[in-house]
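Okay, structure first, notes after.
Chain identifiers are assigned alphabetically (A, B, ...) following the order of the sequence lines, protein sequences preceding nucleic acid strands; residue numbering begins at 1 within each chain.
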Amino acid sequence: MSAVIASVGAVTGHGLGVERLFDALIAGRTAVRRSARFAGRCLCSDLAAEAPPDEELRTAARRFDVPEPKDRATRLLLAAAAEAMGERRGEPNPRRGVVVGTTKGAIEVSLDAWSRNQAAEADAVATPALALAAAVGARGPVRSVSAACASSSAALGEALALIEDGACDEVVVGGTEGLHAFVYAGFHALKAISPEPAAPFDAHRLGLSMGEGAGVVVLQSEEQARLLGLESRIRLASFGSACDAHDLTAPEPRGLGLRAACDRALARAGIAARQVDCYHAHGTATAHNDAMEAAMARDLFAAARVPVTAIKGSIGHTLGAAGILDTIACATYASRGVLPPVANLVEVDPAMTIEPVTSRPVETDAEWAVVATAGFGGINTALVLHRPEAR
Amino acid sequence: MSRPVAITAVATWTPGGVSVGGPPRPAGSGSALASWPDAPKLATIHPRARRPSGAAKAVVQLAHALFEDRRRQGPFDIASTSICVGSMSGCAIADTEFADALLKRGDAFGSPSTFVYTLPTTVLGEIAIALGIRGEIASISAGEASGLSAVAVAAANVASGRLDACLCGGIEISTAGAHRVFAREARDSIAFFLLEPVEGTGAPLRTWRTGFGAPPPGGAWPGDLGNGPLLELASAVGNREGLLASVAPEGFWATVAWGRRAPR
């Protein structure tokens, strides 16, 4: 059973709104630039794709009657939710759920408590979900889901399950991640950050660029969407997930875990790999991830020339928000019949026998798309999107 | 599709000790997990573990003991199992260790080994690597309803056929030396349950619900964060029937009911 993507909202390094994200992706523009926050700290890079300042986020979310968030991730999430909810009022509704994917949530609140030698008290990972539930009037299931960099993809999968099981008519799904020095230092320690803007699938790629942002998808049951006249919108057709059981940080080199996730998602959508018209890659631009993904895609799609695109060259790696921003981007460009180029990709790595979109956008009449994500702990997810108006 | 779901194995580790296949040990006086002298050696069950955190080592050992107990009941395919665990304290100890190191040594000198454990799912990934689990992995956060919410999510996924079997429950570990870095008054605990789509064996689950706002009748179990209700559940799975509710002050709630149907 699928669910309808009724509306979306996004905040990225390109600013507030899905339109700004779409325009930048189509133009192949990157939001990765030097950040004063990370300069002069002896880190391997000072590049990041930073979202708008707090004041702009507060203004965007002013319509919600909720307490002022104490953390960046929640501010980002509410700003994205304001776009996704539009003029709708969040009347309390027991058939509306909220599921949010994040890895660190309101971590700065805990860090602040520890800096004062106190025990942290708030559930930092659940904090953004709590605020979103209050903002949109959710009285059904509300929770946060963590699955490393696949967190918000897993949140979409969980939301789809709530609709499939009849627990909700509508789920407001979020993914959010603030960019903190704590996390930047961690990826520096792992030697994963590139000194140049990330260039997924490029022969000379040097690693990822950090980003921050939030995405919100309002997911509705087919029946609810029909009542609201939204039946022509893009569907979230299925979700699949699988674990590598290989290594905590490095992916299984052949992509067997990601392949299993894709196979599960395709089987649940009831389609074969040859029917897929677009593969939206995780595409972090690390040596290991891109090689794994290319090997997996080559194996999955075999002789089919499935175009590949990715957005982390444009908005950086937004960690727990990555999966939902990938999904919002894919739903948006697919509905408009165009695939964006991979930002910063100049020379495709010859070791990769896949076909990334380079230099300029290409027209498409894509009906089926796969959005892939992978994360530490060997977690892999795949989402299948369906555009009913294609062809 | 809606299949029967039952708890087929249970294991708990509290300040009172370790229990596999039975009720939790009575809590001791401290807040940290009790020592486990007979714990399986990590080098045997997880030879590829590099420098696991204390929490990772504990959860791998307890999960291993649970699956060993399950295998004594009959054949079991661990590869297709998934993991869904709730936590309110998350990875507070790893967070504090990594943050302290940055303060002492500078931003450029954090430990990659510690940073990896600052994700709630890393310890679950460690279980998967150690035991060869290749299903889904996710952690659930819903305040003090986290643990029971994870059981409810796992039950829904097994009943629907989305998952073959699921290791679920809660992990609340935040005692660091003489301090607690999360919720000063709570105690550490791990409570694991294995859910399978079986009938006639184990403790059958009847209903599972999660919600937000006005909760259904029930209670909260302060003192063990989200694991209080799970320890109750572990105590009660041998009983004929029962209902547990976990209610967080912020508004998250979860309920799980179990029990055999009365004979006609």
Does the ring-ring contact (aromatic ring centres under 6.0 Å, His included) test come out yes or no for A:Phe187 and B:Phe115, once each step is laid out? CA-CA 8 Å; A:Phe187 278 89; B:Phe115 178 67; 5.5 Å; yes
Whether A:Glu252 and A:Arg254 form a salt bridge (side-chain N of Lys/Arg under 4.0 Å from carboxylate O of Asp/Glu) is what I want to check. yes
The interface call for B:Ser82 against chain A, heavy-atom contacts under 4.5 Å, is neither
Considering only heavy atoms, which portion of A:Ala113 lies under 4.5 Å from any heavy atom of chain B: side chain, backbone, both, or neither? neither
Mind checking the CD1-OG spacing from A:Ile163 to A:Ser2? Nearest 0.5 Å is all I need. 9.5 Å
Answer yes or no: is there a donor N or O on one side and an acceptor on the other, between the side chain of B:Ser53 and the main chain of B:Ala56, under 3.5 Å? yes
Honestly, the part of A:Ala129 sitting under 4.5 Å from a heavy atom of chain B is neither
Contact part of B:Val181 toward chain A, heavy-atom cut-off under 4.5 Å: side chain, backbone, both or neither? both
For chain B, which of A:Phe239, A:Phe38, A:Trp114, A:Tyr184 has the most heavy-atom pairs under 4.5 Å? A:Trp114
Measure A:Glu158 against the heavy atoms of chain B and call it side chain, backbone, both or neither at under 4.5 Å. side chain
Measure from the side-chain N and O atoms of B:Glu250 to the backbone N and O of A:Leu130, and report whether any donor-acceptor pair falls under 3.5 Å. no
Can you tell me which portion of B:Cys84 sits under 4.5 Å from chain A's heavy atoms? Options are side chain, backbone, both or neither. neither
Interchain contact, A:Leu248 with chain B, by part (heavy-atom threshold 4.5 Å): both
Region of B:Leu102 in contact with chain A, defined by heavy-atom distances below 4.5 Å: side chain
For the side chain of A:Glu108 and the backbone of A:Arg72, is there at least one donor-acceptor N/O pair under 3.5 Å apart? yes
Which atoms of A:Lys191 come close to chain B, meaning under 4.5 Å heavy atom to heavy atom: side chain ones, backbone ones, both, or neither? neither
Applying a strict 4.5 Å limit to non-hydrogen atoms, the region of B:Asp100 in contact with chain A is neither
